[in-house]
Amino acid sequence: MSAAASRVWISKLKAAAWAVPVTICFNDVIAGPFLIAGSSMQPTLNPKSEDPSASDDVVLVQKWTVRLQRYCRGDVVVLRSPTEPDIYIVKRIIGLEGDWLSVPGQLEIEKIPKGCCWVEGDNARESHDSLNNDRFGSGRVSHVLWPLSRIGRVSSSVPPGRLLAKNETAFQHSEY
Amino acid sequence: MSTRFSRAGRWLFGSHPQSLQETATTVLKYGCLAYVVRTYGVGATFCVGPSMLPTFNSFGDIVLFEHVSAYTNRIQAGDVVIARSPQNPGNLVCKRVLGLEGDFVKVAASTYLGPARTVQVPAGHVWLQGDNALNSTDSRSYGPVPYALIEGRAFLKVWPATQASWVKRQLS
């Protein structure tokens, strides 16, 4: 290879190498894709009702809303599991700090402590998903990207009857 | 392309001519690189607060952190770590890890934290405590902290220069 050709090659390699930190930064700060595993968010994600062998959903996870601390009740979020730090879990936010929630299946009301939020999977049968988590969400699931038949927004809604009292000041004054 | 911008580009980058677009692209690229190094590699932080005396001063210390130990699960008991505050996710706290999951931690009696007790750290959590036990809000107040909140491990104090030293792993 001549000297000129190898210079062209090296400059192309350098341009390609720059794609690595830029992509990582974009995925961490703006948005990125994410593969959903498991059935705890059925039927919203990974429904597999007609075809049990269908591939797992790929969703678009927004990162900037979480970085700006804009958590809304009803959002589906990705967070790192507090009991197994290597695993990411996908759940819906039912309540924020200071809210009073009814606990399903029990005659109990819980107040969510400061710094925590209550997340649950949409699949009511998966009872172990109801967790009381610290707020270290890494992203908000905004759209389903794959399979193509189900492309679209992921709706943000709290199941009725669970939220007994809202804390209006949760995240209102972000002095952070 | 305005000549004013070209002049600014030459002033910033020497004689190599740069349009505004090239300057912006360069800033973006190096910004992303700085982000990746700072988030996944090594970063420097000001440590503020009295909770880690005498290891760190109340103000003015610059400490180097590395993040590799955090995401490769190599944090050990005795390490000084920075973590997201469990009470306020916009803040970072700097404390020492006294216990990993499954460890038993002895909490001394104190007037406002209650009687002496032994706590077993649950799975996936760590026990954080400041070196200055008399003036530190840590796991004794807010309980064991999920490991996933740990962002990095302090390894080198670089400022003030007269006190520069490796941050040692130690359990008092």
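These numbers come from a predicted model, not from an experiment. Sequence lines set the chain letters: A, B, ... in the order given, protein chains first and strands last, and positions in each chain run from 1.
- Atom SG of A/C25 sits about 7.5 Å away from atom CG of B/L28, to the nearest 0.5 Å.
- Hydrophobic cluster membership is shared by A/V20 and A/V29, with clusters built from Ile, Leu, Val, Met, Phe, Trp and Tyr side chains linked at under 4.5 angstrom.
- Other residues, nucleotides and ligands contribute more than 12 heavy atoms inside 6.0 Å of the CH2 atom of A/W18.
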Go through the steps for A/D86 and B/N73 under the test side chain to side chain contact (heavy atoms under 4.5 Å, CB included), then give the verdict. CA-CA 9 Å; A/D86 298 329; B/N73 293 341; 2.9 Å; yes
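- Under the 4.5 Å side-chain heavy-atom criterion for ILVMFWY residues, a single connected hydrophobic cluster contains both A/V154 and A/Y88.
- One hydrophobic cluster, built from ILVMFWY side chains closer than 4.5 Å, holds both B/F155 and B/V158.
- Neither B/V80 nor B/L128 shares a network with the other; the hydrophobic side chains, linked directly or stepwise wherever heavy atoms of I, L, V, M, F, W or Y lie under 4.5 Å apart, form separate groups for each.
- Within a 6.0 Å sphere centred on CD of B/Q163, heavy atoms belonging to other residues, nucleotides or ligands number more than 12.
- Residues B/V119 and B/V121 share a hydrophobic cluster, clusters being chains of Ile/Leu/Val/Met/Phe/Trp/Tyr side chains in contact below 4.5 Å.
- Put simply, of B/G124, B/C32, B/S85, B/A34, the one with the most heavy-atom pairs under 4.5 Å next to chain A is B/C32.
- Of all residues spanning residues 35-50 of chain B, those with a heavy atom less than 4.5 Å away from chain A's heavy atoms are B/Y35, B/V36, B/Y40, arranged by number.
- In this structure, OH in B/Y147 is found 8.0 Å from CZ in A/R80, a value given to the nearest 0.5 Å.
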